[in-house]
Amino acid sequence: QVHLVESGGGLVQTGGSLRLSCVGSGIIFSRNAMGWYRQASGKQRELVAWIGPGGITNYADFAKARFTISRDNAKNTMYLQMNSLKPEDTAVYYCNWGLQYWGEGTLVTVSS
């Protein structure tokens, strides 16, 4: 059975930082690309950042220069370092493996 479990969300002030983690099980973690997505209240889910099996990355424009995606295949873990957070970054953040499996999300709230 596949599990993706996000952690690291919470409440942070504008300008603060958070590091999200996503631990996977039941999959050959290194085999596929992975991504972080987010969904704000009343909005559609959107891609934040993507990382290929070999480490190639891609970011949404809003994430460039502030967020860093990484993965440690030996630990079956993907990360999202988020710096200079803004209130508009408030959302539930989800991890995805291979466009097939999703975690349940972790809530990030940025106060103004």
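Nothing fancy with the numbering, it's 1 onward along the sequence. This structure is a prediction, so every number in the text was calculated from the model and none was measured.
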Asks: Can you see which heavy atom on Tyr93 is nearest to which on Met82, and at what distance?
Replies: CE2-SD, 3.8 Å
Asks: Ignoring hydrogens, what is the shortest heavy-atom contact between Val48 and Phe67? Give both atom names and the distance.
Replies: CG1-CD1, 3.6 Å
Asks: When rounded to the nearest 0.5 angstrom, what is the spacing between CG in Asn73 and CE in Met34?
Replies: 9.0 Å
Asks: Between Asp89 and Lys86 (salt bridge meaning N to carboxylate O under 4.0 Å), is one present in this structure?
Replies: no
Asks: Looking only at heavy atoms, what is the nearest atom pair of Ser111 and Leu11, with distance?
Replies: CB-CD1, 4.2 Å
Asks: Output the distance between atom CZ (Arg71) and atom OG (Ser21), rounded to the nearest 0.5 Å.
Replies: 14.0 Å
Asks: So does Gly98 get a backbone contact from the side chain of Arg31, meaning a donor-acceptor N/O pair under 3.5 Å?
Replies: no
Asks: Check Val110 against Thr90 and note the closest heavy-atom contact, atom names and distance.
Replies: N-OG1, 2.9 Å
Asks: What is the minimum heavy-atom distance between Leu4 and Cys95, and which atoms define it?
Replies: CB-SG, 3.7 Å
Asks: Could you tell me which non-hydrogen atom of Asn83 sits nearest to which non-hydrogen atom of Ser17, and how far apart they are?
Replies: OD1-OG, 2.9 Å
Asks: For Tyr79, is there any backbone N or O sitting under 3.5 Å from a side-chain donor or acceptor partner on Trp36?
Replies: yes
Asks: Table please: side-chain donor-acceptor pairs of residues 39-46 below 3.5 Å, with sequence neighbours left out.
Replies:
| from | atom 1 | to | atom 2 | distance (Å) |
| --- | --- | --- | --- | --- |
| Gln39 | NE2 | Lys43 | O | 3.1 |
| Glu46 | OE2 | Arg38 | NE | 2.8 |
| Glu46 | OE2 | Arg38 | NH2 | 3.3 |

Asks: Is it the case that atom CD in Gln13 sees more than 12 heavy atoms from other parts of the structure closer than 6.0 Å?
Replies: no
Asks: Taking the six-membered ring for Trp and the single ring otherwise, decide whether the centroids of Tyr37 and Trp102 are under 6.0 Å apart.
Replies: yes
